[in-house]
Amino acid sequence: MNTVRQFLNFELIHLKAFTLTVADICSALLVIVLARVLLHLLKKYVLQLFYKRRNVAVGQQFAINQLIKYALYPIVIILVMQSLGIQPSVLLAGGAALLVGIGLGLQQTFKDLFSGIILLVEGTVRVDDMVVIDDTIVMVKEIGLRTSKVETRDETVKIVPNSKLVEDTVINWSHNNRPTRFHVDVGVAYGSDLGLVKSLLLKAANEHGQILKNPPATVQFREFGSSSLDFKLFFYSYEFLRIEVVKSDLRFRVDELFRQHTITIPFPQQEVWFRNELSTSPSKEHQNA
């Protein structure tokens with residue numbers, strides 16, 4: 001017993017009024033372990049039960065878990081410092097000037113930190129949301145305190161600063177839980193049967209499994225083009241991330257149907273006229289007459 005007591009009271013560091021013993025290190029480690037165990041039990045038993053009863057969405061669950069974790073961290077840090085014999089108030093007062101300098105040099109970092117808190121509290125962008133950032137469709141995989149992880153159509157993970165999701169204009173296709181309308185452009189040759197063109201476009205849309213039947217697909221005759229009659233095929237879908245695959249399938253099917261019914265998709269054509277200057281100029285005999 002005395003041996004254990006002597007081991008715990010063994011001084012690792014002794015500087016004037018500050019002394020660090022093995023017992024202090026053990027106390028700090030105990031605080032960290034207890035905090036992690038408490039957080040794990042809170043998430044697994046208390047919060048999960050709450051989420052099931054209230055049918056909380058996955059994105060909101062992630063936001064609540066992150067906020068609780070970030071609120072617990074400062075408390076754990078203060079308790080660890082006190083276990084080590086360090087007074088947080090004294091440390092903060094002594095490092096006030098240093099903190100001001102660090103704050104000025106890390107303005108962007110602090111902006112990203114506060115943006116992360118805003119995202120978690122407001123919930124404008126949540127985990128599993130489909131958003132458009134810089135004209136790129138991505139799925140939000142994780143919202144951290146400073147950065148967020150998003151995944152592109154190519155399954156590439158990008159790290160995005162949280163301030164970009166807060167300050168920039170971001171299109172959130174998952175925010176209202178409604179299908180989004182997309183379109184495919186099609187041009188046909190002049191003289192084509194426009195009624196048949198419309199029915200074939202609708203047939204191609206209705207055959208695709210990722211295109212909704214309600215709201216139904218529609219066709220609009222948009223313009224008399226220079227080389228073609230231009231149509232737009234509008235359709236609704238929940239397939240946000242892979243929508244280009246759906247559009248590609250539609251184009252393949254439209255081309256197949258048009259070939260079966262001898263409807264031509266024209267390409268731009270130009271007629272070039274050559275003018276013969278010799279044939280239009282007066283003859284020498286006429287000039288000499």
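Bear in mind that the values here come from a model prediction, so they are computed numbers and not experimental data.
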Exceeds 12 heavy-atom contacts within 6.0 angstrom, atom NZ of Lys43: yes
Separation of Leu47 CG from Ile68 CD1 (nearest 0.5 Å): 4.5 Å
Which atom of Gly187 lies closest to which atom of Ile265, heavy atoms considered: O-CG2, 3.3 Å
Distance in Å, Leu241 CG paired with Met139 CE, rounded so as to fall on 0.5 Å steps: 5.5 Å
Separation of Gln220 CD from Lys198 NZ (nearest 0.5 Å): 10.0 Å
Leu38 reachable from Val80 in the ILVMFWY side-chain graph, under 4.5 Å edges: no
In one Ile/Leu/Val/Met/Phe/Trp/Tyr side-chain cluster, 4.5 Å: Leu34, Val76: no
Side-chain donor/acceptor of Asp193 to backbone N/O of Gly195, under 3.5 Å: yes
Contact check, side chains of Val254 and Val184, non-hydrogen atoms, under 4.5 Å: no
Shortest non-hydrogen separation from Ala35 to Leu72 and the atoms involved: O-CD2, 3.9 Å
Heavy-atom donor-acceptor pair, Asn162 side chain to Gly144 backbone, under 3.5 Å: yes
Side-chain heavy atoms of Leu165 within contact of Ile133, under 4.5 Å: yes
ILVMFWY network linking Ile25 to Leu79, side-chain heavy atoms under 4.5 angstrom: yes
Distance in Å, Glu142 CD paired with Asp128 CG, rounded so as to fall on 0.5 Å steps: 11.5 Å
Exceeds 12 heavy-atom contacts within 6.0 angstrom, atom CZ of Phe252: no
Asp129 side chain vs Asn172 backbone, donor-acceptor pair below 3.5 Å: no
Any residue meeting side-chain contact (heavy atoms from CB on, under 4.5 Å) with Tyr190, in chain and number order, not counting sequence neighbours: Phe224, Leu229
Residue that, paired with Leu233, satisfies side-chain contact (heavy atoms from CB on, under 4.5 Å) out of Ile211, Leu200, Leu201, Thr218: Leu201
Side chain to side chain, Leu41 and Val46, heavy atoms closer than 4.5 Å: no
Exam field: side chain Ser228 to backbone Gly225, donor-acceptor pair closer than 3.5 Å: no
With Thr147 via side-chain contact (heavy atoms from CB on, under 4.5 Å) - residues at least two apart: Ile159
Residues Glu155 and Lys141 bridged, charged N to O under 4.0 Å: no
With sequence neighbours excluded, residues passing side-chain contact (heavy atoms from CB on, under 4.5 Å) with Lys232: His183, Asp185, Arg222, Phe234
Carboxylate-amine/guanidinium contact Arg259 Glu256, below 4.0 Å: no
Verdict with supporting geometry, Leu196 and Ser199, side chain to side chain contact (heavy atoms under 4.5 Å, CB included): CA-CA 5 Å; Leu196 179 59; Ser199 63; 3.8 Å; yes
Exam field: side chain Arg242 to backbone Arg153, donor-acceptor pair closer than 3.5 Å: yes
Whether Trp173 and Phe182 hold their rings parallel, tilted or perpendicular, with breakpoints at 30° and 60°: perpendicular
Val37-Tyr45 co-clustered via ILVMFWY side chain contacts under 4.5 Å: yes
Phe258 and Val197, any side-chain heavy atoms less than 4.5 Å apart: yes
Spacing of OG1 belonging to Thr136 relative to NZ belonging to Lys158, to within rounding of 0.5 Å: 5.0 Å
Atom of Leu212, atom of Ser237 and distance for their closest heavy-atom approach: CG-CA, 4.3 Å
Pairwise distance CG(Asp249) to CD(Glu239) - rounded to 0.5 angstrom: 10.5 Å
Hydrophobic cluster identity match, Phe221 and Leu202, side-chain contacts under 4.5 Å: yes
Phe235 vs Ile243, side chain to side chain contact (heavy atoms under 4.5 Å, CB included): CA-CA, chis, key distance, verdict: CA-CA 11 Å; Phe235 61 92; Ile243 192 60; 3.9 Å; yes
Shortest non-hydrogen contact from Lys164 toward Val170: O-CG2, 4.0 Å
Ser27 vs Leu30 side-chain heavy atoms within contact, under 4.5 Å: no
Test item: side-chain donor near acceptor, Ser115 and Asp112, under 3.5 Å: no
Lys213, NZ atom: more than 12 neighbouring heavy atoms under 6.0 Å: yes
